[in-house]
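We count ligands from 1, going down the list as the structure has it; atoms in each ligand are counted the same way.
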Amino acid sequence: MREADGLYFTPTAQVVLPRYPSGRIVLLGDAGHAPGLGGMGTGLALIAAYVLAGELPEADDHPTAFDTHESRIRPFVDVCQRQAKGADIYLVPTKKSRIWRRNQIMRMLPYMPGKA
Ligand SMILES: Cc1cc2nc3c(=O)[nH]c(=O)nc-3n(C[C@H](O)[C@H](O)[C@H](O)COP(=O)(O)OP(=O)(O)OC[C@H]3O[C@@H](n4cnc5c(N)ncnc54)[C@H](O)[C@@H]3O)c2cc1C
């Protein structure tokens, strides 16, 4: 970063919408329910798309498919978004001691049980 010619910053944010669909459009992935750091954003985006792809051919019309999709996916979104809140203190800490601790934990990960 210190040696880069250009540096781009953008905030990481959580997206919380009261409804994912509007008319013939439904928002998925970060656009609809970005969890923020530590909230499984990619997995959530893929699962939401997969569930919607399953609901569309099953339902009589797209509003029904959108409603079913929302009722199935929102509880999972809530879990991921809850999990993400508070993860930033571990993933992007501001204090030197916490940065050191985070880096040590990251270095240990390849040696921890559960590795595929
Ligand atoms: C630093 C960082 C680390 C992360 N680590 C993880 C991780 O370890 N695990 C995890 O699961 N998730 C992680 N995420 C979150 C994950 O990257 C996102 O949740 C995921 O990429 C969301 O996918 P998406 O398809 O919804 O959006 P995106 O991947 O953002 O895709 C949107 C696409 O739309 C394009 N686009 C935007 N506007 C337009 C337009 N007007 N016309 C055409 N195209 C357009 C963009 O260029 C982009 O390619 C991380 C995110 C960040 C920032």
Trainee: Tell me the closest heavy-atom pair linking Val92 and Arg102, and the distance in Å.
Mentor: CA-NH1, 4.1 Å

Trainee: Does ligand 1 have any N/O pairs with the protein under 3.5 Å, and how far apart?
Mentor:
unit_1   : atom_1 : unit_2 : atom_2 : d
ligand 1 : 11 (O) : Gly41  : N      : 3.4
ligand 1 : 11 (O) : Thr42  : N      : 2.9
ligand 1 : 11 (O) : Thr42  : OG1    : 3.4
ligand 1 : 12 (N) : Thr42  : N      : 3.3
ligand 1 : 12 (N) : Thr42  : OG1    : 3.3
ligand 1 : 19 (O) : Asp30  : OD1    : 2.7
ligand 1 : 19 (O) : Asp30  : OD2    : 3.3
ligand 1 : 26 (O) : Asp30  : N      : 2.8

Trainee: Do you know the tightest heavy-atom contact between Gly39 and Cys80?
Mentor: O-CB, 3.2 Å

Trainee: Tell me which donor-acceptor pairs under 3.5 Å the side chains of residues 1-20 have, and how far apart each pair is, sequence neighbours excluded?
Mentor:
unit_1 : atom_1 : unit_2 : atom_2 : d
Gln14  : NE2    : Pro35  : O      : 2.7
Gln14  : NE2    : Gln81  : O      : 3.1
Arg19  : NH1    : Asp67  : OD1    : 3.3
Arg19  : NH2    : Asp67  : OD1    : 3.1

Trainee: Give me the other members of the hydrophobic cluster that Ile89 sits in, counting Ile, Leu, Val, Met, Phe, Trp and Tyr linked by side-chain heavy atoms under 4.5 Å, directly or via other members.
Mentor: Tyr90

Trainee: Please set out all donor-acceptor pairs under 3.5 angstrom arising from side-chain atoms of residues 47-62, sequence neighbours excluded.
Mentor:
unit_1 : atom_1 : unit_2 : atom_2 : d
Glu55  : OE2    : Arg72  : NH1    : 2.6
Asp61  : OD1    : Thr64  : N      : 3.0
Asp61  : OD1    : Thr64  : OG1    : 2.3

Trainee: Taking the side chain as every heavy atom from C-beta outward, state whether Leu27 and His33 have any pair of such atoms under 4.5 Å apart.
Mentor: no

